[in-house]
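First the structure, in the form of structure tokens, and then the observations on it.
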Amino acid sequence: MYPRPIPEDAKIKRALYVGGVTLVVALWLLPLIAVMLTSIRSNEELMAGNYWGWPQKFSLVENYTAVFEQTAMLRFFLNSLLITIPSVIGVLILSTLTGFVLSRYPFRGSNLIFALFVGGNFLPAQVMMIPVRDLMVRLGLYDTVYALIMFHIAFQTGFATLFMRNFIAALPGELFQAARAEGASPFQVLRHVVVPLVRPALAALAILTFTFIWNDYFWAIVLTQSDAVKPVTAGLNNLRGEWTSAWNIVSAATIFVALPPVVMFFLMQKHFISGLTTGAVKG
């Protein structure tokens, strides 16, 4: 049930609503603002205890340069790209295929398979930690980027299949009937009918999956050990341990790590909103 709009003449209610929203947004942005300000402070200013005041000296270039020159964050950043990009592509391909089959070509046991895809998302990560780690050790993939890629594809495909199945099932059935009448094979239907129509959904799913995988910390420390393969989340934790007192460097690295999901969202914002709203209307 959607909230009722506040009437124009209810000035007190509207003022309380605007004030409440402003307060919540300010509280939500306060930690981010603090990190951004800390990332441009000098270390001397932090040692003097100026944490919340306006910086007396801006060390923007020095702090962000130190992230690349004095830490291994660039290597961790590249590792995250090597993990996230193939994982997102794999999730999109598998979820589109499974969503297409489960929604348009039902077979005996398809509902059970779909339930397994969805049910896997409700398993706590702590329950899967030891079995997944042991599996990667037996496969010889532990402490490699392939372990994280394989796990993220397997884990994220469950939610992605739910998303794509519902989206594809909402497409007009007449399109599929017309394609079959023209003699199109299932793969041709998928390529020429489904994929062009679900591009907004794929864009929305790509952003969500990218954000989930990029920000993952739990599996980054479970499946990796050496700095050569650690993603940015695990690397940032190492940085915090090595630079305990240099919070300006840690804050600059944090802002640097947070940029890719934000940039991706703004680049694909139109498709992301279109995919979510279309799915909401059709679902």
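Any value given below was found using the heavy atoms of this structure, including those in side chains, with hydrogens, waters and symmetry copies removed.
Checking side-chain atoms of N79 against main-chain N and O of V232 turns up no donor-acceptor pair under 3.5 Å. Looking at N63, its side chain does come within 3.5 Å of a backbone N or O of S39 through a donor-acceptor pair. Formation of a donor-acceptor pair under 3.5 Å by the T65 side chain with backbone atoms of E62 is not found in this model.
The salt bridge (charged side-chain N to carboxylate O under 4.0 Å, His left out) analysis of residues 26-44, with sequence neighbours excluded, yields the pairs R41-E45. Residue pairs satisfying the side chain to side chain donor-acceptor pair (under 3.5 Å) criterion with at least one member in residues 214-226, sequence neighbours excluded, are listed as follows: D143-S226, Y217-N237. Note on residues 12-28: no pairs pass salt bridge (charged side-chain N to carboxylate O under 4.0 Å, His left out), not counting sequence neighbours.
Across all non-hydrogen atoms, the minimal contact from I207 to T211 is O-OG1, 2.8 Å. Shown here for L92 and L202, the closest heavy-atom pair between the two residues is CD2-O, 3.8 Å.
Residues R165 and T98 have side chains not in contact (no heavy-atom distance under 4.5 Å, counting atoms from C-beta outward). Counting only heavy atoms from C-beta outward, the side chains of Q70 and I249 never approach each other to under 4.5 Å.
With rounding to the nearest 0.5 Å, the separation of CD1 in I83 from CG in L148 is 4.5 Å. Atom CD of residue Q156 and atom CZ of residue F151 lie 8.0 Å apart, to the nearest 0.5 angstrom. Here the CG-NE2 distance, from L223 to H152, works out to 7.5 Å after rounding to the nearest 0.5 Å. Between the CG atom in L116 and the CG atom in L112 there is a gap of 4.5 Å [rounded to 0.5 Å]. For the atom pair OG1 of T96 and CG of L190, the computed distance is 7.0 Å after rounding to the nearest 0.5 Å. We find the CD1-CE distance between I221 and M129 to be 9.0 Å, quoted to the nearest 0.5 Å.
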Next on the checklist: For a ring-ring contact (aromatic ring centres under 6.0 Å, His included) check, start with the C-alpha distance between F68 and F256, then their side-chain angles and the critical distance, and finish with the verdict.
Outcome noted: CA-CA 10 Å; F68 298 100; F256 171 68; 4.9 Å; yes
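Under the rule for a ring pair (Phe, Tyr, Trp, His ring centres under 6.0 Å), Y146 has no partner lying at least two apart in sequence or in another chain. Residues that satisfy the ring pair (Phe, Tyr, Trp, His ring centres under 6.0 Å) test with Y105, not counting sequence neighbours, are F100.
T157 and S95 share no side-chain donor-acceptor pair at under 3.5 Å.
More than 12 heavy atoms of other residues, nucleotides or ligands lie within 6.0 Å of CZ in F58, so this atom counts as buried by the packing criterion.
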Only pairs under 3.5 Å count here: list side-chain donor-acceptor contacts from residues 167-182, not counting sequence neighbours, and write none if there are none.
none

